[in-house]
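Protein chains get the first letters and strands the later ones, always in sequence-line order, with residue 1 at the start of each.
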Amino acid sequence: MTDTAAAPRKLFLLDAFALIYRAHFAFSKNPRINSKGMNTGAILGFTNTLVEVLQKEKPTHIGVAFDGPKKTFRHEQFAAYKAQRQAMPEDIGTALPYIKQIIQAFDIPILILDGFEADDVIGTLAQRAEAHGFEEIYMMTPDKDYCQLVTDRIKIYRPAFMGNAAEILDLDHVLKRFEIERAGQVIDILGLQGDASDNIPGIPGIGEKTAKTLIQKYGSVENLIAHVDELKGKQQENVRNFAEQGLLSKELATIHVNVPLPFEPEALTLSAPDEEKLTALFDELEFRQLAARVLKTAPVRTSATPISPAKGRKNSVPTGAGHQASLFAAPAGITEFVEEDEDAPGAPGGPRRTLAEVPHQYHLIETPRLRQELLEFLLRQTEVSFDTETTGLDTMTARLVGLSFCWRPGEAYYVPVPQDDAAAAQALVDEFRPFLEHAGITKVGQNLKYDLTILKHYGIRIGGPLFDTMLAHYLLEPDMRHNMDVLAETYLHYTPVSITELIGPKGKKQKTMADLPPADVSDYACEDADVTLQLKHVFEPKLQELGLLKLLNDVENPLVPVLADVEYEGIRIDSAAMGEYSAQLQGYITELEQQIYAAAGQEFNIGSPKQLGEVLFDKLGLGGGKIRKTKTGQYATGEEILSVLAPDNPIAGLILEYRQLTKLRSTYVEALPQLVCEADGRVHTSFNQAVTATGRLSSTNPNLQNIPIRTEKGREIRKAFVPRDAGHVLIAADYSQIELRIMADFSQDATMIEAFRNGIDIHSSTASKVFKVPLSEVDSEMRRKAKTVNFGIIYGISAFGLAQRLSISRKEAAEIIDAYFEEFPAVKKFMDASINQAREQEYAETLLGRRRYLRDVNSRNATLRGFAERNAINAPIQGTAADIIKIAMIRIHAWLAAENLGTRMILQVHDELVFDAPKAEVDYVIPRIKELMIGALPLSVPMEVEVGTGQNWLQAH
DNA sequence: AGACTCACG
DNA sequence: ACGTACGTGAGTCTG
C-alpha cells in the first residue's frame with residue numbers, strides 16, 4: 001500500500017447525460033441564446049453544476065461518465081428499451097463538444113465505455129472506490145435508479161435545481177423513501193412499477209404504492225412470483241401473466257457493477273484547471289458571470305454590487321444650478337458616446353453586458369428649463385419609449401415617482417416627480433401632457449397597461465399608437481414569460497440593473513423608488529426605457545416575418561387602453577349583501593359539519609384530503625373497488641369519486657355540499673369584499689393579456705372570470721355584483737356558441753352550417769343527427785349527451801374522455817363518436833387536417849394568425865403527442881374566439897368614447913362582456929353593442945349575441 | 001412550494 | 001400499453 005493516512009478522499013462521479021438533459025429542459029421556457037444564436041442552456045447548466053460541486057464540496061477525486069456510443073446489453077435484452085425516447089435535441093448535440101472541452105479544461109477524466117451506460121460505469125467505480133477505502137463517494141445525478149447502489153459511504157448527490165437546494169441522499173433516505181430494508185431492493189420496486197421514461201414496463205396495475213407494499217411483504221420480485229397464489233383477483237392475474245416481464249424489468253433497472261474498467265485513483269485526482277482554455281471557452285460561449293466566478297480575473301459588476309451614486313456618473317450630466325448649458329446641443333441624429341471606465345470591457349457583440357459596460361447617455365432632468373427642452377425634443381419624435389417609476393405595483397395606490405423617455409438607443413432621460421406635494425406632482429405631469437396625449441407619436445413600453453393606468457390617475461389619456469414589447473413577445477412566444485429583464489438577456493445580451501439592487505430585497509421594510517434620491521433612480525429608469533426601445537427594434541422585424549405584426553397592431557396593442565379603462569372602472573360589490581350571505585353560508589356549514597362528524601363517528605378536518613380519505617376509506621370502508629389514489633399515494637377524494645359514492649353513502653353527499661359551501665365562502669363571499677377599493681366601493685380586477693397559450697385574457701386579484709353561476713347557491717354571489725348607482729343598470733352580452741360556430745366555419749361542414757343558418761338549437765340538432773331521430777323527438781337526455789359531444793369536438797374528442805363525462809362505457813362513447821363523424825364528415829376531415837398541418841408547421845394558428853407552438857406533435861411519446869394533437873384542434877378555435885371578442889371590445893370602447901356615452905365596459909369573461917350603463921342609455925347602446933359584437937369578424941355562419949339587463953349580474957343574464 | 005380541489009368559459 | 005377531453009386562478013393543507 002502506497003496510500004498514507006492523509007485527508008479523507010472524497011470522490012465525485014457525475015452522470016453527464018442526466019445532468020445535461022435536466023439543464024437543457026430547465027432552460028426550455030426561457031432559452032439562453034448567445035449572440036451567435038446558439039442555445040447554451042445545457043452547457044451553462046451543466047457547467048454551473050460542475051463548478052458548484054468543485055467549489056462547495058471540494059472533492060479530492062472526480063470523474064464524469066457518459067453513456068457509451070453503442071447500444072447496450074439492455075437494448076439486446078429488450079427491444080423497446082428507451083425506444084420511445086426522443087432523438088437527442090439538436091441543441092444538446094451541438095452542446096456536447098463544448099461540454100467535453102470544458103470538462104477537459106478542468107482536467108477531469110471523461111469516463112466512457114462502449115456498450116455500457118453511465119450508471120454502470122459510475123456504479124462500478126463507486127464500489128471499487130469503496131473497496132479502496134475512499135471515505136466519501138458521491139454519485140451526482142438526478143436519477144432515482146442510483147438509489148440501489150447507496151451504502152454507508154456511497155451516496156447520491158442531487159444538484160441544486162429550480163430553487164431547490166442540493167440534496168444528499170444517504171442510505172437512511174433511500175430506505176425510508178422506498179420503504180425497504182436493503183438498498184438493493186430498489187430494483188425490485190422499479191421492476192414491479194416500471195419506468196415510463198425508459199420504457200421499462202413493470203407489471204400492469206402496479207404503481208409505486210403497490211410495489212412498496214408487495215416488496216415489504218415478499219422482499220423481491222422472484223419471491224413475489226413464487227407466492228403469486230397468495231394474491232387476489234386481478235392483481236394475481238397480472239403478476240402471473242406478466243411475471244417474466246417483471247423479472248426482465250428488474251434486470252433492466254439493475255445497474256451493473258462489473259464493467260471492465262480499471263480503477264485508477266491517480267487519474268481521478270482533481271488538479272488545477274487550464275485557465276487559458278477555460279477563458280477561451282467561456283468567452284466563446286459568452287458565459288460572463290460564470291467566468292468571473294471560476295477564473296477570478298476580469299472583475300465584473302455582479303448583482304450584489306450596488307450602484308454607487310457617490311462615485312459620480314461620468315455619463316450623467318451634472319444638473320447643478322450653475323450648469324445650464326443645453327443638453328441637446330448635439331445635432332439630432334448624432335449621439336456622442338462618453339469615454340468608458342477603463343475596466344469595462346464592452347466589446348461589441350461580446351458576452352452579456354451591463355450598464356457599466358455599454359456606452360450610454362442617461363440624463364437626469366431636474367430643472368424647469370431642461371424639462372422644457374426635453375419636451376421640445378419629445379414633440380419632434382415619431383416614436384418614443386417611456387416608462388413610469390412608482391411607489392408600488394398596485395395601480396390603485398401607487399404614486400408616480402418619475403418618468404423616463406428614450407427615442408434613440410443608448411440615450412435616455414429621467415424626470416423625477418416631486419414627492420409629498422400632490423399639486424406640484426400634477427403640475428409636472430401636466431408639463432408633459434402635450435407629448436403624452438399627442439396622437440401622432442407612437443408610445444413604446446413594456447406592459448403599457450400599467451403606465452397608462454398610473455397616468456390616468458393624473459388625468460392623462462395617452463395618445464397615439466401603442467407598441468407594447470410584452471405583447472410583442474407574447475405573440476412571438478405565447479407560452480413563455482415576458483419579463484423585461486429576461487427579454488433583455490435573451491434578445492439584447494444585456495443584463496439590466498435589477499430592481500432588487502435598487503430598492504433592496506422584499507421585506508417588511510421594503511423601500512420604494514420614492515425613498516431614493518432621483519439620481520439613484522435615474523439610471524434604472526433610463527435603462528428601462530432604453531432597453532424597451534431596443535427590444536421593439538428586435539421584435540418588429542420578427543413579427544413582420546411571421547405575419548404577426550398586424551395582429552399586434554390591430555388587436556393586442558389597441559386593446560391595452562381598453563383594458564386599462566375596464567380595470568379602472570371596476571365593478572361595484574354590495575358588501576352588505578355579501579356579509580349577510582356569509583352568515584347564512586356559515587350556518588349551513590356548521591350544520592353540515594355536525595352531520596358529517598356524526599356519520600363518521602369522529603371529528604376531523606374535513607378540509608384535509610388526507611384526513612378525509614382516511615376516514616372515508618380506512619375507517620368507514622367506503623367505496624369497495626372504486627378507491628383511487630393520487631400520484632402521491634393519497635386517497636383521491638375529488639368530486640368524481642364522491643359523487644359516485646353519494647347515492648349509497650350519505651356522508652359523501654354531505655361532504656360534497658360542505659366543499660361547495662366552503663369554497664363559495666372562502667373564495668368569493670369572504671374574499672371579494674376585502675378587495676373592494678375604499679375610494680369607489682368597487683373591485684378592480686387585473687386582466688392579464690400575456691399569460692394564456694391560446695390568446696384568451698385571464699383575470700386575477702380577484703379573478704372575476706370564475707364567479708359562480710352553475711349552482712343555485714353559487715348564483716347568489718352574482719346578485720352582489722351591482723350597478724354603480726341607482727341611475728345605472730348592468731348589461732350582459734354573450735356570444736352564443738361562438739366556438740361551435742367557429743368550428744362550423746373552419747370545417748365548412750354543410751350540416752353544421754345549415755343548423756346555424758336556420759337558427760336551430762345546435763345541441764338538439766347534433767342529437768337529432770347522432771341519434772338518428774327527427775328534431776322534434778330529441779329528448780333532454782339526448783340533448784345533454786349531444787351537448788357533451790359538441791364540447792368534446794372542440795376539445796379534440798376521445799372515447800375515453802366522452803365516456804367519463806357521460807358515465808357510459810368506452811364502447812358506447814366510441815359508437816357515438818363514430819356516428820357523429822358519419823353525420824359531420826367535414827368536421828372529421830378538418831380535425832385530421834389540423835393535426836397534419838400542425839405536424840408540418842409544429843404550430844397551430846387562429847384566423848388572425850396567432851400561433852401556438854406544438855413541438856410535441858411529432859413526439860414519439862403517445863401521451864405528449866395526444867396532448868399536442870388535441871391542442872392543434874382546440875387552440876385555433878379557442879384562440880379565434882379570443883381574437884373576435886378582443887376586436888369587439890376595441891370597437892365598442894371606441895364607439896362609446898366617440899359618442900361620449902356614460903356606458904362603461906366593466907368585465908370580459910371569454911365570450912361575455914358586461915357593461916355598467918346609465919338607464920337612459922340602455923335602449924340606445926344595446927343594439928349597437930350587439931351589432932359590433934356580431935360584426936367583429938364575420939364568419940360563414942351568422943353570429944348570435946344574447947343581451948340582458950338587470951339590477952345585478954345574475955339578473956342581467 | 002406543491003398537491004389537491006373546484007370555481008368559470 | 002399507456003393515459004386522455006381545452007383554457008384559466010385561488011384557497012387550503014401539508015411537508
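- Figure legend: cation-pi geometry between Arg810(A) and Phe800(A) absent, as NZ or CZ is not positioned both under 6.0 Å from the six-membered ring centre and within 45° of its axis.
- Residue Ser698(A) is classed as a sugar-phosphate contact, given heavy-atom separations below 4.0 Å to backbone atoms only.
- Atom pair Asp479(A):CG and dC6(C):P shows a separation of 15 Å (rounding to whole Å applied).
- Heavy-atom distances to DNA chain C give each of Asn605(A) and Ile203(A) a nearest nucleotide, and the one nearer the 5′ end belongs to Ile203(A).
- Here the side chain of Arg852(A) is nearest to one of dA5(C), dG11(C), dG7(C), namely dG7(C).
- Atom pair Leu642(A):CG and dC6(B):P shows a separation of 7 Å (rounding to whole Å applied).
- One atom, OH of Tyr658(A), and another, P of dC6(B), lie 12 Å apart when rounded to the nearest Å.
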request  = Could you please spell out the steps behind the side-chain hydrogen bond (donor to acceptor under 3.5 Å, both in side chains) verdict for Asn790(A) and Thr766(A)?
outcome  = CA-CA 8 Å; Asn790(A) 278 334; Thr766(A) 301; 3.1 Å; yes
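- Nearest to the side chain of Ile797(A), among dA7(B), dC13(C), dA5(C), sits dA5(C).
- As rounded to the nearest Å, dA1(C) and dC6(B) have C1' atoms that lie 32 Å from one another.
- Among dA7(B), dC6(B), dA5(C), the nucleotide with an atom closest to any side-chain atom of Tyr668(A) is dA7(B).
- One atom, CD of Gln660(A), and another, P of dC4(B), lie 23 Å apart when rounded to the nearest Å.
- Residue contacts for Ala875(A): at a heavy-atom cut-off of 4.0 Å it reaches no nucleic acid atom on any strand shown.
- Although no hydrogens or angles enter the test, the distance criterion places no donor-acceptor pair under 3.5 Å between the side chain of Ser608(A) and the main chain of Asn605(A).
- In this structure, Ile738(A) places its CD1 atom 11 Å from C1' of dG9(B), rounding to the nearest Å.
- Ion pair Arg741(A)/Asp745(A) not flagged as a salt bridge, since none of the NZ, NE, NH1 or NH2 atoms sits closer than 4.0 Å to an Asp/Glu carboxylate oxygen.
- OP1 and OP2 of dA10(C) both lie 4.0 Å or more from every side-chain N or O belonging to Ser666(A).
- Relative to the side chain of Thr667(A), the nucleotides dC6(C), dG7(C), dG11(C) differ in distance, and dG11(C) lies closest.
- The phosphate of dC6(C) has OP1 or OP2 within less than 4.0 Å of a side-chain N or O from Arg870(A).
- Computed from coordinates, the Lys663(A) NZ to dA10(C) C1' distance equals 6 Å when rounded to whole Å.
- In this structure, the nucleotide among dT14(C), dG9(C), dA5(C) sitting nearest to the side chain of Ser608(A) is dT14(C).
- For the pair Glu670(A) CD and dA10(C) P, the computed distance is 17 Å after rounding to whole Å.
- Among the heavy atoms of the strands lying under 4.0 Å from Glu639(A) are primed sugar atoms or P, OP1, OP2 only; no base atom is included.
- Using a 4.0 Å heavy-atom cutoff across all strands shown, Thr788(A) reaches at least one base atom of the nucleic acid.
- For the P atoms, the distance linking dT4(C) with dA3(B) amounts to 15 Å, nearest Å.
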task = Check the pair Thr685(A), Glu567(A) against side-chain hydrogen bond (donor to acceptor under 3.5 Å, both in side chains), reporting the backbone distance first and the verdict last.
result = CA-CA 6 Å; Thr685(A) 184; Glu567(A) 291 178 5; over 6 Å; no
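- Straight-line distance from the CD1 atom of Ile873(A) to the P atom of dT4(C): 18 Å, rounded to whole Å.
- Applying the ring-ring contact (aromatic ring centres under 6.0 Å, His included) rule to Tyr635(A) yields the partners Phe617(A); only residues at least two apart in sequence or on another chain are considered.
- Ion pairing between a basic and an acidic side chain is recognised when a charged N comes within 4.0 Å of a carboxylate O; Arg715(A) and Glu712(A) show no such pairing.
- A cation-pi arrangement is absent between Lys828(A) and Tyr820(A) under the rule of less than 6.0 angstrom and at most 45 degrees off the ring axis.
- Residue contacts shown for Ser699(A) are limited to sugar-phosphate atoms, with no base heavy atom under 4.0 Å away.
- Contact annotation: Arg659(A) side-chain N/O to dC6(B) OP1/OP2 distance is under 4.0 Å.
- A donor-acceptor pair is defined here as one N or O able to donate and one able to accept, closer than 3.5 Å; such a pair exists between the side chain of Asp749(A) and the backbone of Met752(A).
- DNA chain C forms stems at B:1-9 with C:6-14, each a run of 3 or more consecutive Watson-Crick or G-U wobble pairs whose two key distances fall under 3.5 Å.
- The side chain of Thr694(A) contributes no N or O atom lying less than 4.0 Å from OP1 or OP2 of dG7(C).
- At the heavy-atom level, Gly638(A) lies under 4.0 Å from the strands shown only through sugar-phosphate atoms.
- Looking at residues 701-720 of chain A, you'll see Asn701(A), Asn703(A) sit with a heavy atom under 4.0 Å from some atom of DNA chain C.
- The gap from the P atom of dG3(C) to that of dC4(B) amounts to 16 Å, rounded to the nearest Å.
- Glu556(A) and Arg850(A) are joined by a salt bridge, as a carboxylate oxygen and a charged side-chain nitrogen come within less than 4.0 angstrom of each other.
- At a cut-off of 3.5 Å, with distance as the only test, no side-chain donor of Asn858(A) or Arg865(A) sits close to an acceptor on the other residue.
- In this structure, Ser859(A) contributes its side chain and Ala862(A) its backbone to no donor-acceptor pair below 3.5 Å.
- Here the nucleotide nearest the side chain of His910(A), chosen from dT4(C), dG7(C), dT5(B), is dG7(C).
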